[in-house]
> 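Take a look at this one; I'll ask things after.
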Amino acid sequence: MESHENALEVRHLRKAFGVIKAVDGIDLELKQGEFLTIFGPNGAGKTTLIKILSGLTKPTSGTAKVAGFDVSEGNPEMRKEIGVISHSTCLYADLTPLENLMFLAKMHGLEEPQDRSLKAIDEVGLSQRRNDRVRTFSRGMLQRLSIARAILHDPKILFLDEPFTGLDLHASNVLKEHLKKLHDRHRTILMTTHDISCGLEMCNKVALQVKGKFAFLESIEDVDRDQFEIMYFDAVRNNQFVMGIGTRG
Ligand code: ATP
């Protein structure tokens with residue numbers, strides 16, 4: 001990717017599931033090295049947005065470029081530039097952590113795949129379980145392995161959908177430290193979370209997604225934290241009255 005290019009360019013992005021408008025006209029630009037946290041009530045379309053950006057689902061209309069690649073084209077080269085933590089773990093249950101990561105390392109053409117895989121497993125504190133089958137793992141252990149999978153190839157751009165889900169306090173702190181280091185190393189990060197203090201502390205841009213749209217998108221230095229919290233909690237409270245959650249008609 002050329003340095004002058006944006007890491008992320010999203011124009012009028014939409015994704016509908018029948019009458020539900022999960023993503024409803026999102027525009028976004030992120031430069032390389034920026035860290036955007038997206039908050040939003042359940043069903044606001046945050047996961048759908050991340051799935052589109054990571055090439056897991058196609059938009060209904062609009063465009064998204066990630067590291068210069070059009071996400072709709074399914075270019076395998078884009079996968080080398082991104083790391084993803086999502087609800088669907090993309091792990092092979094019948095393989096061990098080491099086998100899972102070595103498979104991925106070879107797919108990415110990484111040098112010394114075993115050493116890279118062992119290092120990533122160690123970083124998420126799973127060394128003692130590296131030869132056990134993934135199907136025997138607890139939720140938190142699966143989440144740790146998903147993190148190892150996302151960072152294995154040191155991607156330029158990370159899409160993190162509620163990455164702290166299921167992690168114990170120690171693993172959460174380790175992940176926070178790791179994300180800070182990645183941000184310092186100019187990695188681009190787009191993260192969704194419901195944890196307001198952690199999400200605000202880490203980012204340099206913050207968005208509030210409501211019914212498929214960005215109701216708010218600002219640089220963190222322009223954000224009044226108290227006002228943002230009020231707006232966020234209002235959005236969450238109003239969402240309780242929306243039948244079926246997503247946007248209709
Ligand atoms: P949460 O905070 O609960 O994780 P979210 O903001 O990530 O929510 P999404 O998972 O993106 O929200 O869902 C947005 C809307 O799209 C919801 O109404 C959801 O039911 C709907 N939706 C998502 N995926 C599908 C699908 N495959 N088929 C039908 N509807 C879907």
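Numbering of ligands and ligand atoms starts at 1, following listing order. Residues: numbered from 1 along the sequence shown.
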> Would you check if there is a donor-acceptor pair between the side chains of Thr192 and Glu162 at a distance under 3.5 Å?
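Looking only at side-chain atoms, Thr192 and Glu162 do not form any donor-acceptor pair under 3.5 Å.
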> Out of all atoms in ligand 1, which are within 4.0 Å of some heavy atom of Ala44? Include the element for each.
5 (P), 6 (O), 12 (O)
> If the condition is ring-ring contact (aromatic ring centres under 6.0 Å, His included), which residues does Tyr92 pass it with, not counting sequence neighbours?
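ring-ring contact (aromatic ring centres under 6.0 Å, His included) check on Tyr92 returns Phe103.
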> Could you tell me, atom by atom, which parts of ligand 1 come under 4.0 Å of a heavy atom of Pro41?
2 (O), 6 (O)
> Check each of Ser86, Ala22, Gly212, Gly43 against atom 16 (O) of ligand 1 and report the one with the nearest heavy atom.
Ala22
> Would you say Phe17 has any N or O atom under 3.5 Å from an N or O of ligand 1, going by distance alone?
no
> Could you tell me whether Gly40 and ligand 1 have an N or O pair separated by under 3.5 Å?
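No: no nitrogen or oxygen of Gly40 is under 3.5 Å from one in ligand 1.
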> So if I apply the salt bridge (charged side-chain N to carboxylate O under 4.0 Å, His left out) rule between Lys205 and each of Glu221, Glu34, Glu29, which one comes out positive?
Glu34
> Would you tell me whether Asp161 and Thr47 have side-chain atoms, one donor and one acceptor, within less than 3.5 Å of each other?
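Judged by distance alone, the side chains do pair up.
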> Is the distance between the ring centroids of Phe39 and Phe228 under 6.0 Å?
yes
> Considering both backbone and side-chain atoms of Ile20, is one of its nitrogen or oxygen atoms within less than 3.5 Å of a nitrogen or oxygen in ligand 1?
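It does not: no N or O of Ile20 is found under 3.5 Å from an N or O of ligand 1.
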> Can you name the atoms of ligand 1, numbered from 1 with element, that are less than 4.0 Å from a heavy atom of Glu162?
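The atoms of ligand 1 under 4.0 Å from a heavy atom of Glu162 are 2 (O), 4 (O).
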> Which atoms of ligand 1 have any heavy atom of His194 under 4.0 Å away?
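Ligand 1 atoms under the 4.0 Å threshold to His194: 2 (O).
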